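These notes concern the structure reproduced below.
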Amino acid sequence: MAEGGYKIRNKEGIHFISFAVVEWVDVFTRKEYRDIVVESLKYCQKERGLQIYSWCIMSNHVHLIVSAKQNDLSDILRDFKKYTAKEIIKAIEKHNAESRRMWMLEIFRKAGTSNSRNATYQFWRQDNQPKELFSVGFSNEKLDYVHNNPVTAGIVEKAEEYLYSSARDYYEGKNVGLIAIEFLDG
């Protein structure tokens with residue numbers, strides 16, 4: 001269940017989900033950390049029944065449009081965040097060339113000590129802000145938002161140029177990106 005007043009109420013629905021790194025730390029500037037998220041999403045698709053319609057990894061947050069075959073989206077997201085947090089922290093700790101390593105770990109440690117649910121570190125903010133896609137118009141709005149995030153941030157000129165997003169799949173009309181998706185109708 002998402003916190004902060006947001007809950008996934010319709011377990012059969014397709015939802016727009018956003019979650020961010022605590023203190024909006026720009027962790028995903030390194031490929032190694034982005035790839036942990038990508039591989040974990042692929043695992044959740046294959047082993048947990050996560051259906052991904054759209055995705056984008058930005059420098060400090062992730063956007064998804066997803067549903068779950070067994071209607072356990074909240075459980076999948078909880079486990080995804082727990083696993084990726086642990087793996088990314090481990091990668092940061094081992095990454096000798098990470099110039100911001102101590103700074104990031106201190107932020108994650110500080111966030112972890114102020115949250116009784118964590119033993120040491122907290123990597124993700126606790127809110128997912130799920131929004132059910134209830135109409136074609138709202139679905140298209142969120143799809144455009146997800147795909148245009150890198151354009152708005154000035155990373156690329158065209159959404160389909162961004163590697164860590166499903167925009168290229170929609171642009172090509174077939175799965176050509178890093179994660180196989182299911183296309184939204186509309």
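FYI, the numbering just counts along the sequence from 1. No experiment lies behind these values; they were computed from the predicted model shown.
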Would H15 and I65 count as a side chain to side chain contact (heavy atoms under 4.5 Å, CB included) if you check the C-alpha gap in whole Å, the side-chain angles of each, and the deciding distance to 0.1 Å? CA-CA 5 Å; H15 289 79; I65 295 179; over 6 Å; no

Polar contact flag, side-chain donor to acceptor under 3.5 angstrom, S59-W24: no

Assess whether atom CZ of F138 is packed by more than 12 heavy atoms of other residues, nucleotides or ligands within 6.0 Å. yes

Backbone N/O of S18 and side chain of N128: donor-acceptor pair under 3.5 Å: no

Taking the side chain as everything from C-beta on, heavy atoms only, tell me whether M58 gets closer than 4.5 Å to C56. yes

If only side-chain N and O atoms count, and only distance matters, is there a donor-acceptor pair under 3.5 Å linking Q70 with D72? no

Side chains of T29 and R100: closer than 4.5 Å at any heavy-atom pair? yes

I181 backbone acceptor or donor facing N175 side chain under 3.5 Å: yes

Under 4.5 Å between side-chain heavy atoms, hopping through other hydrophobics if needed: is there a path connecting Y145 to I57? yes

Quick check on E47: does its CD atom have over 12 non-hydrogen neighbours (other residues, nucleotides or ligands) under 6.0 Å away? yes

Minimum heavy-atom separation for R101 to E93, with atom names? NH1-O, 3.0 Å

Applying side chain to side chain contact (heavy atoms under 4.5 Å, CB included), run through L77 and I8 and close with a yes or a no. CA-CA 11 Å; L77 293 173; I8 295 174; 4.3 Å; yes

If you round to the nearest 0.5 Å, how far is CZ of R9 from OG of S74? 11.0 Å

For a quick test of reading the model, state the closest non-hydrogen atom pair linking F28 to V21 and the distance between them. CE1-CG2, 3.8 Å

same_hphob_cluster(V146, F183) at 4.5 Å side-chain heavy-atom cutoff: yes

L50 vs Y43, test: side chain to side chain contact (heavy atoms under 4.5 Å, CB included). Steps then yes/no. CA-CA 9 Å; L50 181 67; Y43 173 86; over 6 Å; no

Got M104 and I89 here, is their nearest side-chain heavy-atom distance under 4.5 Å? no

Compare all side-chain heavy atoms of Q45 with those of I52 and state whether any distance is below 4.5 angstrom. yes

Within this structure, what is the OG1-OH distance for the pair T113 and Y121, rounded to the nearest 0.5 Å? 11.0 Å

Let me confirm one number: the CD1-CZ distance from I14 to F134, rounded to the nearest 0.5 Å. 13.5 Å

Would N149 and H61 count as a side-chain hydrogen bond (donor to acceptor under 3.5 Å, both in side chains) if you check the C-alpha gap in whole Å, the side-chain angles of each, and the deciding distance to 0.1 Å? CA-CA 11 Å; N149 236 232; H61 63 285; 3.1 Å; yes

Which distance, rounded to the nearest 0.5 Å, do you find between the NZ of K81 and the CD1 of I17? 9.0 Å

Applying side chain to side chain contact (heavy atoms under 4.5 Å, CB included) between H63 and each of F16, F19, W55, report the one that passes. F16

Tightest non-hydrogen contact, residues R30 and S99, listed as NH2-N, 4.1 Å

If hydrophobic clusters are built from ILVMFWY residues whose side chains come within less than 4.5 Å, do Y83 and F80 share one? no

Using 4.0 Å as the upper bound for N to carboxylate O, is an ion pair formed by D79 and K82? no

Could you measure the distance from the CD1 atom of I179 to the CG atom of L41? Nearest 0.5 Å is fine. 4.5 Å

More than 12 heavy atoms of other residues, nucleotides or ligands under 6.0 Å from CD of E106: yes or no? yes

Considering only heavy atoms from C-beta outward, does the side chain of K131 approach that of K142 to under 4.5 Å? yes

Over 60° means perpendicular and under 30° means parallel, so tell me whether H147 and Y170 are parallel, tilted or perpendicular. tilted

Tell me the closest heavy-atom pair linking A68 and I76, and the distance in Å. CB-CD1, 3.8 Å

Can you find a heavy atom in the side chain of I88 that is under 4.5 Å from one in the side chain of V37? yes

Are the aromatic ring centres of F123 and F108 under 6.0 angstrom apart? yes

Where the side chain of S40 meets the backbone of I36, is there a donor-acceptor pair that is under 3.5 Å apart? no

Assess the residue pair Y162 and V151 against the criterion (side chain to side chain contact (heavy atoms under 4.5 Å, CB included)); give the C-alpha distance rounded to whole Å, side-chain angles, the decisive distance to 0.1 Å, and a yes or no. CA-CA 9 Å; Y162 191 61; V151 176; over 6 Å; no

With the side chain counted from C-beta on, respond yes when I107 and V25 share a heavy-atom pair under 4.5 Å apart, and no when they do not. yes

Reported CG-to-OG distance for the pair L143 and S54, which is rounded to 0.5 angstrom: 5.0 Å

Passes side-chain hydrogen bond (donor to acceptor under 3.5 Å, both in side chains), S67 versus Q51? Steps please. CA-CA 5 Å; S67 66; Q51 296 177 291; 3.0 Å; yes

Side chains of Y53 and L64: does their closest heavy-atom pair fall under 4.5 Å? no

Side-chain heavy atoms nearer than 4.5 Å, only ILVMFWY residues, links allowed to pass through others: does that put L163 and V176 together? no

